[in-house]
Amino acid sequence: MRIALQVLSACLLASAMSAGWANGGGGMSMPATPPPTPRERTPQQKAQDAYNDGVHDVKKADKAQAAATQATDAGKKDKAAHEAQDRYAEALAKFQQATQLDPTLHEAWNYVGYANRKLGHYDEALAAYAKALTIKPGYADALEYRGEAYLGLNRIPDAQQAYLDLYAGNRALAGKLLTAMKNWVADQRAKPAGGNAANLDDLDKWIQERAQIAGQTAALTRAGTAASWR
């Protein structure tokens, strides 16, 4: 009988303790641990985020611009062209934000120039390229983009010099600029006024000469490389 009473008392005590815990009672409850405070992102990290967002917009803008160039339907061409301009404007705002957060981010300055150039703001583009090249002298991407901006301003000697500067250090981007120059000549010839025919002929001849030199140099380089393997 005594044992039965002891067992009954123990059960009642355990039940009471369980009820106490269920009701939030009990003196042994552990205090809740506050969540960790998120670490504040640095201006440089925020600048990188803005830059990456801008590059994303530029890719969409370039795609829309290509669609506008290829479209044969006037309505589709106009719609794609407007989309491209809107995307370039959005990208420009993000690149400008990136340069405000981190003025040393030369890639962002380069894309400030790129977006401005695509929007037809050539003087602003040149200023941005100059800033990128001040931060990183000889930055090949900025040299190539600046060469295309010179074309937009009809500054042909400057565009030619940009090609020569690139050719000495980055043949791939030099070739890209030379292609842009070929396209520029074709666009000028297609205009109603036709541009200055004599100047266009001179530039076209110069482009062909440079392309021939580049081809010969590339062939010699390949031959030299092949010889070194034997």
Side-chain angles (χ1 to χ4, degrees), residues 41-66 68-69 81 83-185 187-188 203 206-207 210-211 214:
R41 293 177 63 77
T42 66
Q44 289 75 19
Q45 290 172 325
K46 293 178 181 178
Q48 192 65 52
D49 288 343
Y51 170 79
N52 289 335
D53 288 345
V55 170
H56 181 72
D57 285 339
V58 159
K59 289 180 179 179
K60 289 186 176 181
D62 287 345
K63 185 177 180 180
Q65 187 179 57
T69 301
E83 180 185 351
Q85 290 294 289
D86 289 343
R87 289 287 188 182
Y88 285 129
E90 292 171 5
L92 176 59
K94 291 170 184 176
F95 293 133
Q96 288 173 331
Q97 180 186 10
T99 59
Q100 290 168 1
L101 289 164
D102 183 4
T104 67
L105 192 60
H106 62 276
E107 298 95 339
W109 282 110
N110 185 45
Y111 265 114
V112 167
Y114 182 88
N116 267 312
R117 175 166 60 85
K118 291 295 186 177
L119 291 168
H121 308 154
Y122 293 107
D123 290 333
E124 291 87 342
L126 290 178
Y129 295 139
K131 185 69 175 179
L133 288 165
T134 298
I135 298 169
K136 187 175 180 179
Y139 184 35
D141 288 333
L143 290 173
E144 196 279 322
Y145 287 155
R146 187 171 67 174
E148 295 195 38
Y150 286 144
L151 290 174
L153 292 169
N154 294 331
R155 292 171 56 174
I156 306 306
D158 289 328
Q160 290 172 310
Q161 186 60 52
Y163 171 83
L164 296 175
D165 292 340
L166 275 171
Y167 189 77
N170 192 313
R171 297 287 178 88
L173 287 180
K176 181 181 177 183
L177 180 56
L178 198 66
T179 298
M181 296 171 79
K182 291 178 184 178
N183 294 337
W184 183 84
V185 170
D187 289 342
Q188 294 299 306
L203 178 57
W206 184 90
I207 291 171
R210 298 310 308 181

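Position 1 is the first residue of the sequence, and the numbers go up from there. A quick note: this is a predicted structure, and the numbers were derived from the prediction, not measured.
To the nearest 0.5 Å, atom CG of residue D165 and atom CZ of residue R146 are 7.5 Å apart. For the atom pair D53 CG and H56 NE2, the distance stands at 8.0 Å (nearest 0.5 Å). Interatomic distance, L203 CG to Q160 CD, rounded to the nearest 0.5 Å: 5.5 Å. Atom-to-atom distance recorded for L177:CG and L151:CG is 6.5 Å, nearest 0.5 angstrom. Here the NZ atom belonging to K131 is positioned 12.0 Å from the CG atom belonging to L133, to the nearest 0.5 angstrom. Put simply, CG on N170 and CG on L143 are 9.0 Å apart, with the number rounded to the nearest 0.5 Å.
Legend: residues meeting salt bridge (Lys or Arg N to Asp or Glu O under 4.0 Å) with D158, ordered by chain and number and at least two apart, are R155.
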Inset, instruction - Under the side chain to side chain contact (heavy atoms under 4.5 Å, CB included) rule, what do Y129 and N110 come out as? Steps first, then yes or no, please. - result: CA-CA 5 Å; Y129 295 139; N110 185 45; 3.6 Å; yes
Inset, instruction - Step by step, work out the side chain to side chain contact (heavy atoms under 4.5 Å, CB included) result for R41 and D49. - result: CA-CA 10 Å; R41 293 177 63 77; D49 288 343; 2.7 Å; yes
Inset, instruction - Applying side chain to side chain contact (heavy atoms under 4.5 Å, CB included), run through L166 and K176 and close with a yes or a no. - result: CA-CA 10 Å; L166 275 171; K176 181 181 177 183; over 6 Å; no
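Classification of the Y114-Y88 ring pair by plane angle, with boundaries at 30° and 60°, yields perpendicular. The aromatic rings of F95 and Y111 sit parallel to each other, their planes meeting at less than 30°, with 60° as the upper class boundary. The aromatic rings of H106 and Y139 lie perpendicular to each other, with more than 60° between the two planes, well past the 30° mark.
For the pair R210 and Y167, the cation-pi test (distance below 6.0 Å, angle within 45°) is passed.
Exactly one residue among K118, K63, R87 makes a salt bridge (Lys or Arg N to Asp or Glu O under 4.0 Å) with D57. That residue is R87.
Under the 4.5 Å side-chain criterion, counting only non-hydrogen atoms from C-beta, Y51 is not in contact with D102.
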